[in-house]
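Quantities reported herein were computed from a predicted structural model and do not represent experimental measurements. A, B, ... follow the sequence lines: proteins, then strands. Residue 1 opens every chain. We use all heavy atoms of the structure for the numbers below, so side chains are in, but hydrogens, waters and symmetry mates are not.
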Amino acid sequence: MTGPAASEAPAGHGSGTTALRWLAPVLPLALFLALLTLLPAITGGQTVRVAWSWVPSLDVQLSFYVDGLSLLFALLITGIGTFIFLYAGTYLHGHPRLARFYLYLTLFMASMLGLVLADNLITLFVFWELTTVSSYLLIGFDCEKAEARRNALQALLVTGIGGLAMLAGFILLGTAAGSFELSEINADGAAIREHALYLPILALVLAGAFTKSAQFPFHFWLPNAMAAPTPVSAYLHSATMVKAGIYLMARVHPTLGGTDWWMWTLLLFGAVTAVWASLMAVRQTDLKLMLAHTTVMALGTLTMFLGAEVKIGIAAAVTFILVHSLYKASMFLVVGIIDHETGTREVDRLGGLRKAMPITFLAAAAAGFSMAGFPPFLGFIGKELKYEGALAITHAPVFMTAAALAANALMVAVAATVVFRPFLGQRTETPRAAHEAPWSMWIGPAVLATLGLVFGMAPGIVGVRLVEPTVEAILYRPEDVSLKLWHGINLPLMLSVLTVLLGLAAFRWRKPLAGGLNWLVRVLPTTGDRAYDATLAGMMAFATWQSGVLQNGRQRRYLLVVVATFVLAVGGTLVVFDGVAWPTNWSVPLYAWGVLALILAGTAGTILTRSRLGAVTALGAVGTGSAVLFLMYGAPDVAMTQLMVETLVVVIVALVLPHLPGLASRGHSGRFGRWRDCVVAIGAGTVVALLVLAVTTVPLDRDLTTFFEQASVPEAFGRNIVNVILVDFRAIDTFGEVAVVAIAGLASYALVKSARRRRGAK
Amino acid sequence: MDALLALTVGVLVSGAVYLMLSRHLVRFLFGLILLSNAANLVIFASGRTTLALPPLVPDGLEAPAVTVANALPQALILTAIVIGFGLLAFAMVLAYRAYQSLGTVDTDAMRVAEPDVNGAGEAAEEPAPARSEAA
């Protein structure tokens, strides 16, 4: 990527965009401060809930709920958002679509806030999908690039499908619990855990969480989502989008958590994701891609720890959410600065930037130390808690500790690469001469990385105030959580030392390690990305094939498909729901059978005759037969109209037929085609006949008819009820009908006339 | 009573569908005529039929004194008959006009809007003229 600011013509330099640049960050800042005022109450163990009626008929409320968990996320979203908004104004300075960018970004932030604050499951789902849609717009912001469009679509499809599964899970959950309010569902989680639908609910809800939070095997969309402008990546990866899945798992933990299914699913998916993603991170040469893979690693780790039921495991997860958000946002913004100022983010082309960009370097170093877990940074506390938590999980301490150790060690290697390689060593030639970024860009990483240090030195600031209420919200019981920097010389500390040693070794031998991993990826039978492409291509091929079969451009094929579908769907429904009603009363006057025989003969004649005159006669017999039926059953008006129209039809057919070819060919494709058409036709006739019988067994609602009978004389002064309905009660309909006939007549006239003119021109 | 009507409708629909599955445009139109007859009878049957008096109010009364035939479906059928006639008249002329322009009544060969992309099939024998017919 070449920094957009340099390549775009300064079309957006109007005062409007300049004002926007400085006004936009005010919104997240104001929200952050407003949310901060809730902190004392939440720390004190209170919760806040507001609700409005939204769709009362479906019992859907627009309800919001603030407890420790939602407040932690809301503060991260708005706090980091403030710096992202500020940074983006400079990063995309002069971009012609800057205003649109801010619109997308604001929409996205609002959706995220709605998601983490929602109490109603349906409200949560709506905001969840809004983040999917707005992230699609953000990832595909550079829409002139095919890759950006493709990756945006990939994120949309993967998380969108997961979201639909989640909706199904939510509906099951809400039905099983008897309430769609999370605060009520979580109050009686045991009822759901013992419910017969527990496993389907768990699987569907986790499908949503795993796709959104890029768990293996859905991890591939997240690194691709870096096609977005860097501030967006920083935002998506640190505090928002991908954390939505983590948030969801934490949110439903009191209800769905605590079972073996929950524990093992999260543990296995999380561990595999964490280790695989950290391996993939090491082999990257693009700084941004490297960070993107470490995000997947962090999400895997968080998933793994959310599987836990013990306090220390959850505390590890919550602390790591905070640690990761702070350092990941800083790191991404630093990489954005490097990219913006030097014109490249290829690690092999960068070096010695510390003199040119001292502030950025310090911010990167502080973030890197937190990421690698060095004391006295908050990352160290996070890592100690992770080891303590892993050892405390009685089901699989060795497995969890090994997974955490491997992932953490590789994290050290990545942190070292991102901090050391661009800033230390020999100064290299870069596409652009490097110099320090403007303050609006470095302020974000500097403040966030410094917070990582401050919180590490004084963990009490966040421990009791924020981490404890969050842990209490996830476990749904009062807990005492205190973060400490120094835990004494114990097993977690030993593991920390081992982590650093392993990590530095991986950094030292990163080239052979990356070579080996590259080889591994090449020989793998498939990767998520390739499987996604194959699935998409397969669906396209299937669609092409079935369109070719169902819609081959021949009118009778279309009709065959429509009629066959009707027969199978309606007939099947009749059979399945026991709607087949055989007539019991066959006592019909003899002359009625005569009419049936007339219609039957007319139909058969129309089909069998090869003479045009014969066909006209046969059609006339059918029409006359219907007219007689109408007459028999007390409908003389209808019978009269039918007879008149039938006469007209016969006249028109007799007029047109001589101008058309004869009926020598029946137009069915061979013997097979004839039989197939025959079967379908008889099937259609049978289904319609059964439908008529089924309808007539249902009691008739004569309300409307009674009304017309009663109102005909007093209101419309007519004694022929049918006529009164047509010209009075439904007069507008009749007028429309007259218009239709007039239009048909005009159109027919135009068609005939145009044919004459053409013949004349010849 | 209903059994008789159901049987009639069944026969008409079978014949109509069989005719409409033909690629001979004229036979398709015959099918259309039968189908509109069948549709009218379906509406009629759904209003229940008895050998009853026509829906008329006798002189001197405000409403029918005895049970009369259901007036509502009759009104709907009257509309349907007329609309069906309009449709048929237009379709007949359209068929005539299509034959004038394309020189065929084989619907398989009428592929100006959806040409056979594979280049195969029966349609290839008789290529449709590509003249614009906007008069």
Side-chain angles (χ1 to χ4, degrees), chain A residues 553-556 559 563 583 586 588 592 596 599-600 603 606-607 619 622 626 633-636 638 641-642 645 652 656 659-661 667-668 677 681-682 684-685 688-689 692-693 695-696 700 704-705 708-710 712-714 719-722 725-726 737 740-741 744 747-748 751 754-755 757, chain B residues 2-4 6 8-15 17-24 26-27 30 33-34 37 42 45-46 48-49 52-57 62-64 69-72 74-75 77-79 81-83 85-86 88-90 92-93 96-97 99-100 105 107-108 111 114 116 135:
Chain A
R554 295 192 187 148
Q555 176 261 330
R556 60 202 173 109
L559 210 67
V563 174
W586 289 98
V588 189
L596 176 64
I599 289 177
L600 191 64
T603 309
T606 315
I607 293 171
L619 283 172
V622 172
S626 321
Y633 293 118
V638 182
T641 315
Q642 168 78 22
V645 166
I652 288 180
V656 175
H659 298 279
L660 291 174
H668 298 272
D677 294 349
I682 291 174
V688 174
V692 170
L693 287 172
V695 166
T696 47
L700 178 68
L704 215 49
T705 308
F708 287 129
E709 284 174 359
Q710 303 296 326
S712 190
V713 172
R719 302 205 166 269
N720 184 332
I721 302 172
V722 176
I725 293 176
L726 283 176
E737 173 198 332
V740 167
V741 175
S748 305
L751 275 174
S754 77
R757 193 177 302 157
Chain B
D2 298 329
L4 177 80
T8 315
V9 166
V11 168
L12 280 174
V13 169
S14 295
V17 170
Y18 185 74
L19 284 165
M20 290 172 91
L21 288 174
S22 159
R23 62 177 197 240
H24 197 308
V26 175
R27 284 171 71 82
F30 291 168
I33 297 176
L34 293 187
N37 273 314
V42 168
S46 66
R48 304 304 184 277
T49 48
L53 290 170
L56 297 171
V57 185
E62 290 278 287
N70 194 344
L72 184 61
Q74 295 192 20
I77 296 167
L78 278 174
T79 309
I81 289 176
V82 176
I83 297 279
F85 166 70
L88 181 82
F90 180 70
M92 281 313 271
V93 175
Y96 162 71
R97 186 68 182 78
Y99 178 61
Q100 295 270 309
V105 286
T107 54
D108 276 10
R111 305 200 61 169
E114 284 179 276
D116 199 343

Do any N or O atoms from the side chain of [X] and from the backbone of [Y] form a donor-acceptor pair under 3.5 angstrom?
X	Y	result
B:Q74	A:I721	no
A:S712	A:E709	no
A:R554	B:T107	no
B:R27	B:S22	no

Top residue by heavy-atom pair count (under 4.5 Å) with chain A, among [options]?
options	result
B:I77, B:I33, B:N70	B:N70
B:M20, B:H24, B:R48	B:R48
B:V42, B:L12, B:V26, B:L56	B:L56
B:L88, B:T79, B:V17	B:T79

Can you tell me which portion of [X] sits under 4.5 Å from chain B's heavy atoms? Options are side chain, backbone, both or neither.
X	answer
A:L559	both
A:V638	both
A:V656	side chain
A:L619	side chain
A:L700	both

Pick from [options]: which one has the most heavy-atom pairs with chain B under 4.5 Å?
options	value
A:V740, A:I652, A:L751	A:L751
A:V688, A:V692, A:T696	A:T696
A:V622, A:L726, A:T641	A:L726
A:P636, A:P714, A:P661, A:A635	A:P661
A:V645, A:L600, A:I607, A:T606	A:I607

Of all the heavy-atom pairs spanning [X] and [Y], show the shortest one and how long it is.
X	Y	answer
A:T603	B:G15	CG2-CA, 3.8 Å
B:G86	A:A744	O-CB, 3.6 Å
A:A684	A:V563	CB-CG1, 3.8 Å
B:S14	A:G685	OG-CA, 3.3 Å
A:S626	A:I599	N-CD1, 3.9 Å
B:S46	A:V695	CB-CG1, 4.1 Å

Is it the backbone or the side chain of [X] that comes under 4.5 Å from a heavy atom of chain A, or both, or neither?
X	answer
B:L72	both
B:L78	both
B:V9	side chain

- Task: State, with a plain yes or no, whether a side-chain heavy atom of B:L19 is found less than 4.5 Å away from one of B:L34.
- Result: yes

